[in-house]
Amino acid sequence: MAYAGSAAVRTALLLVVWWALTEGDPGAAGFGLGAAVLVALVSLRFFPPAAPHPRLAATLAFAGYFLLRSMVAGVDVARRLLSPRLPLRPGYLTYTTALAEGRPRWLLANALSLLPGTLSVTLRGDELELHCLDTSLPVHEDVARAEHWIARMFAG
Amino acid sequence: MSDTLLLVLQALLLVTGCLFFAVGTLGLFRLPDTLTRIHALTKADNLGLGLIVMGLLPAVAGPATAAKILLIWLVALAASATAAHLVGRALRAMEDGDDGSGP
Amino acid sequence: MTLLDAVATILLVLLLLGLVRIWRGPAPADRMLASQLFGTTGVALLLVLAESQGQPALRDVALVLALLAVLATVAFVTRVLRIARADSAGEHPDV
């Protein structure tokens, strides 16, 4: 049952992607439907439905948080670069994440590279090594907040 | 009237986007090492790309084209985050390879 | 000259400036940033051109460029890592 549900969701998502890629060309719709069904089935073979399903509401909440913070990140970098003193205090910081292995950790590592002041360098087990632009900032708290949103996405 | 307002907003978004791209390029020149340059490139350029995408959206032909531009933006975002992480990891590995102990 | 053309010109100039900077090096890792530059500035440039030139196909180019940027980085990183490993093993002490 979960299998059929995943197949339907994936087909629908792929159809949206197809619709966008062909810029809504109705002539390509039939081919797109066939391709979407086929790709969804093949993807289930390689990536079976994973246990912690991302929750829609929490995913949107994380997306909102991410968009807002990545804007702050861009402004922060711009502010530092345009200041004549070039205020930087680069350094490494290791963060131990409580997130489950796989997608949640991977998502955190990738998201952090676009959030203010952090760049994920290595991810070994639950140890995430970050490069920080300014180590005097409360980086730890920032990372914990991003982690909190991701944890809610994958809460079972 | 609202058309003019939309055009002004669009122009504002596009110009601000360019400014952030300029900051990203400035970072390539001003910053002291490769890791900090990656910070500048990923963060400033992604905001620039986001602003330009937002600026383009009102001008496109239809919802499907708008969706396509948003899709490209998402791919570019994921690509940039992944590339930043990979280059960072390679640099770290090279540091470790150089002196055998790491900082 | 419309606003979109002006934006495209600015982006092109920024892309060229970035390329000059990256071309001068000095470290190989700096050159890896070129793929990042194309992944964002190049994509933005193509999206703007698609609109201003009325060439929807350029959007496909932008999509492919974004995807290729990752692959280029993966290839480059793999190569650099192999060189670094060989260095630390003392195979190429002068590289």
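Everything quoted here is computed from the prediction, not taken from an experiment. So you know, we letter chains A, B, ... as the sequences are listed, proteins then strands, and number each from 1.
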Is [Y] close to [X] at the side-chain level, that is, under 4.5 Å between some pair of heavy atoms?
| X | Y | value |
| --- | --- | --- |
| B/I72 | C/R59 | yes |
| B/L31 | B/H39 | no |
| C/T73 | C/V70 | no |
| B/L51 | B/F20 | yes |
| B/T36 | B/R30 | no |

What part of [X] gets within 4.5 angstrom of chain C, counting heavy atoms only: side chain, backbone, both, or neither?
| X | answer |
| --- | --- |
| B/T25 | side chain |
| B/I52 | side chain |
| B/L28 | both |

Per-residue contact mode, [X] against chain B (heavy atom under 4.5 angstrom):
| X | result |
| --- | --- |
| C/V48 | both |
| C/L71 | neither |
| C/I10 | side chain |
| C/L14 | both |

Closest approach of [X] and [Y], non-hydrogen atoms and distance?
| X | Y | answer |
| --- | --- | --- |
| B/G27 | B/A40 | CA-CB, 4.2 Å |
| C/A66 | B/A79 | O-CB, 3.5 Å |
| C/V77 | B/A90 | CG1-CB, 3.7 Å |

Proximal to chain B - members of residues 36-43 of chain C, heavy-atom separation under 4.5 Å: C/Q36, C/L37, C/G39, C/T40, C/T41, C/V43
Chain B contacts, top residue of [options] (heavy-atom pairs, under 4.5 Å):
| options | result |
| --- | --- |
| C/V13, C/L65, C/L63 | C/L63 |
| C/D60, C/T78, C/L15 | C/D60 |
| C/V74, C/L33, C/L17 | C/L33 |

Closest-packed option against chain C by number of heavy-atom pairs under 4.5 Å, given [options]:
| options | value |
| --- | --- |
| B/A84, B/G48, B/A11 | B/A84 |
| B/V60, B/T82, B/N46, B/V53 | B/V60 |
| B/L41, B/T42, B/L14 | B/L41 |
| B/A59, B/G17, B/G55 | B/A59 |

B/S80 (side chain) donor-acceptor with B/A76 (main chain) under 3.5 angstrom: no
Evaluation steps, side-chain contact (heavy atoms from CB on, under 4.5 Å), between B/V23 and B/K43: CA-CA 10 Å; B/V23 164; B/K43 291 173 184 94; over 6 Å; no
B/R89 atom CZ: more than 12 heavy-atom contacts under 6.0 Å: no
Intermediate values then yes/no, side-chain contact (heavy atoms from CB on, under 4.5 Å), B/L86 and C/F76: CA-CA 10 Å; B/L86 283 173; C/F76 215 121; over 6 Å; no
Trace of the side-chain contact (heavy atoms from CB on, under 4.5 Å) decision for B/L91 with B/I38: CA-CA 11 Å; B/L91 282 169; B/I38 302 175; 4.1 Å; yes
